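Working notes, structure below.
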Amino acid sequence: MPMRYQQVLHYVLEVARAGSIRGASERLNITSSALNRRIQDLEAELETPLFQRWPRGVRLTSAGEVFVRFARTQVAEGDRLKSALEDLRGLRRGHIDIACSQALICDYLPTQITRFQKRYPLITFGTKVTDHDHAVDALINFEADIAIAYRPSLSPAVQQLASMPQRTMALMRSDHPLAQRDIVRFSDLAGYPLAMPDRRYGSRQLLEEAAAQRDLHFAIKIESDSFEL
């Protein structure tokens, strides 16, 4: 699709994401009437409606769902094309969206982004914090350029660029009985109340698989989707 259509593709994607013309217009900094007119012009050109219009918003039609998948592909390809052309000019501009788990936000990702931007200061970043499966989904749906996740469910639609091992640790107060041991075994944790990440996270799934294999039962007193908690 010619580059001149890129803007209207962004319009369609934003309306689909917001679920309303008004909500999308506020984010796009364009009037609702002008945005609706651009969508209607596209629908007339395609000879099919992309949205069902309701008093409180819009919903994608079947044709709209097909078009949104096409639009995501075209926008991603357009971004890659512009980035490649800018690389050839030596500008190295661009934007990278990363989908990642919450555990990477506090230290790892800020450190890596800072290191990267020292070499390429014109590159900007966006982050989408989610669980490992949704990070992969964001990559497949062109909502992210890179997914960084713990034990993701890999799909034939994605390519694994790199992997690294990560140790699983137990954190406790310095006066906890287990803190005095040189080695803390997995089975040792069964005798104490625990705080755990919820079942969406790969680390929790890994621990539950190991517990089931050893017939261990834990007293989980706190369960949260917040690693800070």
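Note that the coordinates shown come from a computational prediction; the quantities given were computed from them, not determined experimentally. Along the sequence shown, residues carry numbers from 1.
Taking OG1 of Thr111 as the start and CZ of Phe116 as the end, the distance is 15.0 Å to the nearest 0.5 Å. Note that the CZ atom of Arg59 and the CD atom of Glu65 stand 10.0 Å from one another [nearest 0.5 Å]. Expressed to the nearest 0.5 Å, how far CZ of Arg72 lies from CD of Glu143 amounts to 5.0 Å.
Under the 3.5 Å distance criterion, the side-chain polar atoms of Ser101 are left unmatched by any main-chain donor or acceptor of Asp131. Judged by distance alone, with hydrogens and angles left aside, the side-chain atoms of Arg119 form no donor-acceptor pair with the main-chain N or O of Arg115 at under 3.5 Å. Although no hydrogens or angles enter the test, the distance criterion places no donor-acceptor pair under 3.5 Å between the side chain of Ser32 and the main chain of Ser25. With hydrogens and angles disregarded, a donor-acceptor distance shorter than 3.5 Å links the side chain of Gln117 to the backbone of Ile123. Side-chain N or O atoms of Asn141 include none that pairs as donor or acceptor with a backbone N or O of Ala138 at under 3.5 Å. No donor-acceptor pair under 3.5 Å is formed between the side chain of Glu223 and the backbone N or O of Asp198.
Less than 6.0 angstrom separates the ring centroid of Phe218 from the ring centroid of Phe186.
Across all non-hydrogen atoms, the minimal contact from His95 to Asp145 is O-OD2, 3.7 Å.
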**Prompt:** Taking it one step at a time, do Phe51 and Val12 satisfy side chain to side chain contact (heavy atoms under 4.5 Å, CB included)?
**Reply:** CA-CA 9 Å; Phe51 295 97; Val12 172; 4.1 Å; yes
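Salt-bridge check for Glu209 with Arg199: failed, with every basic side-chain N at 4.0 Å or more from each acidic carboxylate O. Classification of Arg22 and Glu26 as a salt-bridged pair fails, no side-chain N sitting under 4.0 Å from a carboxylate O.
By the neighbour-count criterion of 12 heavy atoms within 6.0 Å, atom CZ of Arg27 is sparsely surrounded, having that number or fewer from other residues, nucleotides or ligands.
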